[in-house]
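Proteins get letters first, then strands, A, B, ... in listed order; numbering begins at 1 in each.
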Amino acid sequence: ETGVTQTPRHLVMGMTNKKSLKCEQHLGHNAMYWYKQSAKKPLELMFVYNFKEQTENNSVPSRFSPECPNSSHLFLHLHTLQPEDSALYLCASSQVTGGREKLFFGSGTQLSVL
Amino acid sequence: ELKVEQNPLFLSMQEGKNYTIYCNYSTTSDRLYWYRQDPGKSLESLFVLLSNGAVKQEGRLMASLDTKARLSTLHITAAVHDLSATYFCAVVKFGGQGNLIFGKGTKLSVKP
């Protein structure tokens, strides 16, 4: 148990559906991240939130919409996804202290888009 | 653009043997991470290497960093089945926190 909880663990959705992924961290960290892990590709950083403010959007399509209401919760809202968006979506958190922080990852949500 | 390359991508080894996984990165970075991922599980942080010549050891795993060569190694000594997992190296994009750039991972299988 890393202290970062993601729900749901598995999600199957059609291309016209709207769904949300949830991440909660119990570590008192001030930064949260979404990563995408596809088969045969390296993990890709999607979004970074630092003190609830988005500090990085790594050219992610607008069909992915993040939300960070507070430093403990992070959401990824999904709509009109494509089959190529099927992947493992990982949430992570860290305590930003000037360059020595370590990321703690959740177990991920395995997303299948039909 | 920072790129991270790991090799090999797949490694099948026998218990008791030694082997090394390599991680090369393309531009300046001030820290490098090694992570382990078991199937269906989260990424677990193994090592953080912060400076040239840094060496860290935990059990049968030892990681080192050569910033001049932009190379990190993860050495496995006398492998055991429990070490079977996928190992990732990740390098921080210079100037950004959390902007880890990951290698593709090395899937290690240790057979009896």
Minimum heavy-atom distance A:P42-B:G103, with the two atoms named: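 Closest pair (atom of A:P42, atom of B:G103, distance): CB-O, 3.8 Å.
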Chain B contact via A:L43 - side chain, backbone, both or neither, heavy atoms under 4.5 Å: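 Both backbone and side chain.
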Under 6.0 Å from the [atom1] atom of [X], do we count more than 12 heavy atoms belonging to anything else shown?
X: B:E58; atom1: CD; result: no
X: B:M13; atom1: CE; result: yes
X: A:Q54; atom1: CD; result: yes
X: B:Q14; atom1: CD; result: no

Derivation and outcome, side-chain contact (heavy atoms from CB on, under 4.5 Å), residues A:E44 and B:I101: CA-CA 7 Å; A:E44 301 169 79; B:I101 307 299; over 6 Å; no
Close side-chain approach of B:L100 to A:Y35, heavy-atom, < 4.5 Å: yes
Nearest-0.5 Å distance, CD of residue B:Q37 to OG of residue A:S107: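 Those atoms lie 9.5 Å apart.
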same_hphob_cluster(B:Y22, B:L61) at 4.5 Å side-chain heavy-atom cutoff: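 Different clusters: B:Y22 never reaches B:L61 through Ile, Leu, Val, Met, Phe, Trp or Tyr contacts under 4.5 Å.
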B:F88-A:L45 co-clustered via ILVMFWY side chain contacts under 4.5 Å: yes
Under 4.5 Å from a heavy atom of chain A, the part of B:Q6 involved: neither
Side-chain (B:S42) to main-chain (A:F105) donor-acceptor, under 3.5 angstrom: yes
Derivation of the side-chain contact (heavy atoms from CB on, under 4.5 Å) call for A:L103 and B:Y33: CA-CA 10 Å; A:L103 265 63; B:Y33 298 79; 5.6 Å; no
